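Everything on this sheet refers to the single structure shown next.
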Amino acid sequence: MPANILVVEDEPAIQELIAANLLHAGHHVLRANDAEEAALLVRDTLPDVVLLDWMLPGMPGLQFARRLRADERTRDLPIIMLTARSEEHDKIAGLEAGADDYLTKPFSPRELLARIKAVLRRRAPQMTEDAVEIEGLRLDPATHRVSGDGKAIDLGPTEFRLLHFFMTHAERVHSRTQLLDQVWGDHVFVEERTVDVHIRRLRSALEATGHDRLIQTVRGSGYRCSAQVE
Ligand code: CA
């Protein structure tokens, strides 16, 4: 599944090489030369993964990773640190700062892609192709099919992504802003009531099999996917 990947790397040749490999694998790439540029990009669009160089001009990668972890909006953002160094104490410092994984330069494109996939599987299950099922409601990202008790359910692309996100993050309450970030990738240029419109469409599509009960409104907070009755 294509992911939006932010590459924060100040060496042009390395940035270019990484970007070319990611694009070749079908991912979308955002590029930044330092933490400041990266912060501006993240403010507008939440990427699915950040590849973060350790040695950057200005704010070091490590400090930027800490900053992302400290902010509620970017707390769960998968981060892979890139570094030319290989000392064990750097690795520990990176992981302690909140990085999910660590790649030592030079690395092969295949290794990079494998690590990205592994981090997404752990941190962002909605980015993987694994089928999910809750109470007879089944969604298969690989075939793009949804069914309720075996009966096919037709969903628009946004409702599909919304349901996929809900099902892979069941029982948690998501605010409209969080849903815009996670499902639309944008909380700046899309209005919050857009979320309500698509929730309504999703529920009405799930009504035939009674699975609309899984999409619950949490008053004053947002929405939740839950098999439990409130
Ligand atoms: Ca560097």
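In what follows, residues are counted from 1 in the order of the sequence shown. Every number for a ligand or one of its atoms is a count from 1 in the order of the listing. Computed from a predicted structure; not experimentally measured.
E9 lies apart from the Ca ion (ligand 1) in this respect, since none of its N, O or S atoms is found at a distance under 3.0 Å.
Rounded to 10°, the angle formed at the Ca ion (ligand 1) by O of M55 and OD2 of D53 is 80°.
Checked for salt-bridge contact, R203 and E207 miss the test: no charged N lies under 4.0 Å from a carboxylate O. Of the charged side-chain nitrogens involved, at least one lies within less than 4.0 Å of a carboxylate oxygen, so that R31 and E16 count as a salt-bridged pair.
Taking the N/O/S atoms of D10 in turn, the shortest distance to the Ca ion (ligand 1) belongs to OD1.
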Intermediate values then yes/no, side chain to side chain donor-acceptor pair (under 3.5 Å), N33 and E9
CA-CA 5 Å; N33 296 304; E9 166 67 69; over 6 Å; no
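Atom CD of E129 has more than 12 neighbouring heavy atoms from other residues, nucleotides or ligands inside a 6.0 Å radius.
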